[in-house]
Engineer: 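This is the structure, below, for whatever I ask next.
We name chains A, B, ... by the order of the sequence lines, and we start the count at 1 in each one. Below, each value reflects all heavy atoms present in this structure, side chains not excepted, and no hydrogens, waters or symmetry copies. Just so it is clear, the model here is predicted, and its values are computed rather than measured.
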Amino acid sequence: MLDIKFIRENADLVKEAARKKKITVDVDRLLSVDDERRVLMSAIEAKKAEQNKVSEEIPQADSARRESLIASMQTLKAEIGADEEKLKPLMEVWQALMLQVPNIPDMSVPDGESDADNVEVKQWGEQTRFEFTPQSHTDLMVRHGMVDFERGTKVHGFRGYYLMGDGARLSWAIWNYANDFFLAKGFEPLLVPTIVRKSNLYGTGHLPNDAEDVYRTQDDDYLIGTSEVSTMGLYSDEVLDQAQFPIKFLAFSPCYRREAGSHGKDVKGLIRVHEFFKVEQVVLCEASHAESVRLHEWINRNTEEFIESLGIPYRTVLNCGADIGQGQVKKYDIELWVPGEGKYREISSASYFHDFQTRRFNIRYRDAEGKMRYAHSLNCTAIPTPRILVSLVENFQQADGTVRVPEALVKYFGKAVIG
RNA sequence: GGAGAGAUGGCAGAGUGGUCGAAUGCGCCACCUUGGAAAGGUGGUGUACAGGCAACUGUACCGAGGGUUCGAAUCCCUCUCUCUCCGCCA
């Protein structure tokens with residue numbers, strides 16, 4: 001959500017933002033609806049002022065005068081009612097349009113039509129090559145009893161899986177290692193609700209636009225697709241203390257995604273599943289662009305460092321306009337090398353939002369001058385499982401079909417080789 | 001799932017149809033007092049929107065949404081949440 005005053009004063013900037021993000025929103029319509037809204041509201045407020053004034057006179061008036069005042073107030077009341085009836089549909093349109101308005105992307109965000117136009121900003125490690133014919137993560141993991149897709153689909157359906165044996169052990173090792181790694185950087189651990197009210201998804205910007213991708217319950221609650229949702233909801237409608245900033249949470253939760261519209265994509269393996277686990281960095285800071293930028297670089301770097309400590313080759317891309325969300329100002333993706341596919345696959349996403357989310361969540365603080373301000377928010381994947389297992393087992397497989405365990409994980413996993 | 005009680009400003013807590021944006025206390029801020037502090041005294045202390053260069057003015061907000069009324073924190077309806085008791089239960 002942007003401030004309507006900002007939209008009014010910067011209509012061209014907002015239109016350019018929509019163009020860059022390939023989002024359709026009728027800014028001119030919003031502005032004209034807003035004009036109507038303001039005219040109508042001042043009319044109503046003037047009439048209510050009159051009503052309040054006369055209502056104060058009524059108790060003191062003598063009975064003849066009282067009769068006439070009440071009579072005139074009855075007509076005024078009818079007029080106010082009529083105006084309010086006109087305002088109601090106008091507000092619905094206004095609100096729907098406001099929810100469509102994108103945040104302004106940073107100048108550094110490149111133009112582009114799709115994720116193919118993301119710009120590589122960094123490459124780390126050598127793309128793994130083998131002297132032998134490498135196996136896919138599905139073959140490797142099935143062979144070592146780490147995963148069971150057949151029973152997974154029997155129980156859950158399409159994209160279902162069980163992690164078992166060393167697959168389950170490796171997941172725990174990664175979670176425990178990630179927990180130690182990120183908490184050492186000053187994060188507060190957080191376990192969050194995964195069933196949330198609708199308002200939280202509006203807050204993060206997942207609704208209204210990504211409605212088909214979220215699961216809904218019969219009580220009209222929703223399953224989160226990322227712990228960002230419930231972590232951001234934590235301080236909704238609260239006024240925070242500036243001294244607390246930056247607030248750094250390391251949230252952990254299952255994540256649920258319907259993956260509607262991607263039925264043909266990544267149908268095999270653990271790349272794309274309906275249900276996974278994610279450790280997530282979520283940060284709230286003061287309303288400063290410089291601070292947002294600093295923390296954005298920092299959280300992205302945290303995840304890079306984590307991947308480096310595992311020794312998996314990766315690259316970092318700067319997402320182009322078409323590949324960043326409605327609320328995001330700028331986004332980096334970290335992509336890990338997947339030898340079986342001969343390409344990099346997204347594992348992490350670092351974004352900052354300025355006050356786009358906090359405005360919707362109403363998360364504020366009082367600044368040094370005593371002024372109420374909306375905080376800034378950012379988030380970045382720390383580590384998703386089981387997707388991370390794909391690159392892990394494929395990059396560290398050996399000629400005999402065994403899989404080496406990264407040094408950093410050995411103490412958590414308990415052994416150095418799988419198989 | 002059943003029965004009951006409740007939701008008021010940063011907090012506690014009055015207020016059951018008109019001068020209540022809301023008593024009082026605590027907290028907080030400023031000033032006075034002091035060598036400094038405490039205590040005491042005086043004054044102040046919400047948010048959002050609209051209009052205005054501004055001072056300021058208007059409107060709304062007493063859990064949320066509707067309704068009754070010239071007028072609602074106060075009456076009525078619906079919903080949400082909290083607490084207590086019973087039942088069930090990881």
Engineer: Who pairs with Lys371(A) by salt bridge (charged side-chain N to carboxylate O under 4.0 Å, His left out), at least two apart in sequence or on another chain?
Structural biologist: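 Checked Lys371(A) against salt bridge (charged side-chain N to carboxylate O under 4.0 Å, His left out); zero matches.
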
Engineer: Apply the side chain to side chain contact (heavy atoms under 4.5 Å, CB included) test between Met141(A) and each candidate in Val390(A), Ile418(A), Leu270(A); give the one that qualifies.
Structural biologist: Leu270(A)

Engineer: Using side chain to side chain donor-acceptor pair (under 3.5 Å) as the criterion, list what pairs up with Lys248(A), not counting sequence neighbours.
Structural biologist: none

Engineer: Between A12(B) and A7(B), how far apart are the C1' atoms? Round to whole Å, please.
Structural biologist: 15 Å

Engineer: Is the number of heavy atoms from other residues, nucleotides or ligands within 6.0 Å of CZ (Arg19(A)) greater than 12?
Structural biologist: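 Result for CZ/Arg19(A): enclosed.
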
Engineer: Please list residues of residues 71-80 of chain A whose heavy atoms come under 4.0 Å from any atom in RNA chain B, ordered by number; otherwise none.
Structural biologist: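 Residues of residues 71-80 of chain A that come under 4.0 Å of RNA chain B are, in numerical order, Met73(A), Gln74(A), Lys77(A).
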
Engineer: Under the ring-ring contact (aromatic ring centres under 6.0 Å, His included) rule, what pairs show up with a residue in residues 349-388 of chain A, not counting sequence neighbours?
Structural biologist: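 Residue pairs passing ring-ring contact (aromatic ring centres under 6.0 Å, His included), neighbours aside: Phe245(A)-Tyr365(A), His289(A)-His354(A), His296(A)-Tyr352(A), Tyr352(A)-His354(A), His354(A)-His376(A).
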
Engineer: Could you tell me the separation between the CG atom of Asp35(A) and the P atom of A50(B), rounded to a whole number of Å?
Structural biologist: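 Nearest whole value for this atom pair: 12 Å.
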
Engineer: Where the side chain of Arg404(A) meets the backbone of Phe396(A), is there a donor-acceptor pair that is under 3.5 Å apart?
Structural biologist: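 Side chain of Arg404(A) to backbone of Phe396(A): no pair is present.
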
Engineer: Might you confirm whether atom CD of Glu238(A) has over 12 heavy atoms from other residues, nucleotides or ligands at distances under 6.0 Å?
Structural biologist: yes

Engineer: Run the side-chain hydrogen bond (donor to acceptor under 3.5 Å, both in side chains) test on Tyr332(A) and Glu297(A) for me, step by step, so that the C-alpha distance in whole Å, both residues' side-chain angles and the decisive distance to 0.1 Å come before the verdict.
Structural biologist: CA-CA 9 Å; Tyr332(A) 291 124; Glu297(A) 298 294 328; 2.7 Å; yes

Engineer: Taking OP1 and OP2 of G51(B), is either one under 4.0 Å from a side-chain nitrogen or oxygen of Arg38(A)?
Structural biologist: yes

Engineer: Can you tell me, in whole Å, how much space there is between the C1' of C81(B) and that of U24(B)?
Structural biologist: 28 Å

Engineer: Distance-only criterion, 3.5 Å: show the donor-acceptor pairs between side-chain atoms of residues 319-326 of chain A and protein atoms not counting sequence neighbours.
Structural biologist:
from, atom 1, to, atom 2, distance (Å)
Asn319(A), OD1, Asp333(A), N, 3.3
Asn319(A), ND2, Asp323(A), OD2, 2.9
Asn319(A), ND2, Asp333(A), OD2, 3.1
Asp323(A), OD2, Asn118(A), ND2, 3.0
Gln326(A), OE1, Asn209(A), ND2, 3.4
Gln326(A), NE2, Leu99(A), O, 2.6
Gln326(A), NE2, Gln100(A), O, 3.1
Gln326(A), NE2, Val101(A), O, 3.2

Engineer: Would you indicate what Lys47(A) reaches in the nucleic acid, counting non-hydrogen atoms under 4.0 angstrom: base, sugar-phosphate, or nothing?
Structural biologist: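 Since no nucleic acid heavy atom lies under 4.0 Å of Lys47(A), the category is nothing.
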
Engineer: Which whole number of Å gives the distance between the C1' atom of G13(B) and that of C62(B)?
Structural biologist: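 After rounding to an integer number of Å, I get 13 Å for this pair.
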
Engineer: Rounding to a whole Å, what distance do you find between Ile7(A):CD1 and C49(B):P?
Structural biologist: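 The distance from CD1 of Ile7(A) to P of C49(B) comes to 13 Å, rounded to the nearest Å.
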
Engineer: Between U74(B) and G21(B), how far apart are the two C1' atoms, rounded to whole Å?
Structural biologist: 15 Å

Engineer: With 3.5 Å as the limit, what N/O pairs link the protein to nucleotides 54-59 of chain B?
Structural biologist:
from, atom 1, to, atom 2, distance (Å)
G58(B), N2, Glu45(A), OE1, 3.0
U59(B), OP1, Asn52(A), ND2, 3.0

Engineer: Does any pair with a residue in residues 160-173 of chain A pass salt bridge (charged side-chain N to carboxylate O under 4.0 Å, His left out), and if so which ones, sequence neighbours excluded?
Structural biologist: Asp166(A)-Arg169(A), Asp166(A)-Lys415(A)

Engineer: Tell me every residue that passes salt bridge (charged side-chain N to carboxylate O under 4.0 Å, His left out) with Arg37(A), counting only those two or more places apart in sequence or in another chain.
Structural biologist: Asp34(A)

Engineer: Quick check on Gln244(A): does its CD atom have over 12 non-hydrogen neighbours (other residues, nucleotides or ligands) under 6.0 Å away?
Structural biologist: yes

Engineer: Only distances under 3.5 Å count here; give the side-chain donor-acceptor pairs of residues 191-208 of chain A to other protein atoms, sequence neighbours excluded, each with its distance to 0.1 Å.
Structural biologist:
from, atom 1, to, atom 2, distance (Å)
Lys198(A), NZ, Asp220(A), OD2, 3.4
Asn200(A), ND2, Arg197(A), O, 3.1
Thr204(A), OG1, Asn200(A), O, 3.4
Thr204(A), OG1, Leu201(A), O, 3.3
Thr204(A), OG1, His206(A), ND1, 2.6

Engineer: Tell me which of Arg197(A) and Arg8(A) sits closer to the 5' end of RNA chain B, going by the nucleotide each one is nearest to.
Structural biologist: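 By nearest-heavy-atom nucleotide position, the 5'-most residue is Arg8(A).
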
Engineer: If you compare every side-chain N and O of Gln51(A) against the phosphate oxygens of G71(B) (OP1, OP2), does one of them come in below 4.0 Å?
Structural biologist: yes

Engineer: Tabulate atom names and distances for all N/O pairs under 3.5 angstrom spanning the protein and nucleotides 16-22 of chain B.
Structural biologist:
from, atom 1, to, atom 2, distance (Å)
G18(B), N2, Ser55(A), O, 3.1

Engineer: I want to confirm an ordering. Mapping Met372(A) and Leu69(A) to their closest nucleotides on RNA chain B, which one lands closer to the 5' end?
Structural biologist: Met372(A)

Engineer: Separation of Asn362(A) atom CG from G46(B) atom C1', in whole Å?
Structural biologist: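 After rounding, the reported distance stands at 14 Å.
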
Engineer: Report the nucleotide, chosen from G46(B), A50(B), A48(B), that has the shortest atom-to-atom distance to any side-chain atom of Arg366(A).
Structural biologist: G46(B)

Engineer: List in chain and number order the residues that pass side chain to side chain contact (heavy atoms under 4.5 Å, CB included) with Asp237(A), two or more places apart in sequence or in another chain; answer none if no residue qualifies.
Structural biologist: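 Asp237(A) satisfies side chain to side chain contact (heavy atoms under 4.5 Å, CB included) with Asn362(A) once adjacent residues are dropped.
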
Engineer: Extract the stems that RNA chain B is part of, considering only consecutive pairing runs of at least three Watson-Crick or G-U wobble pairs, both distances under 3.5 Å.
Structural biologist: B:1-7 with B:80-86, B:10-12 with B:24-26, B:27-32 with B:40-45, B:46-51 with B:56-61, B:63-67 with B:75-79

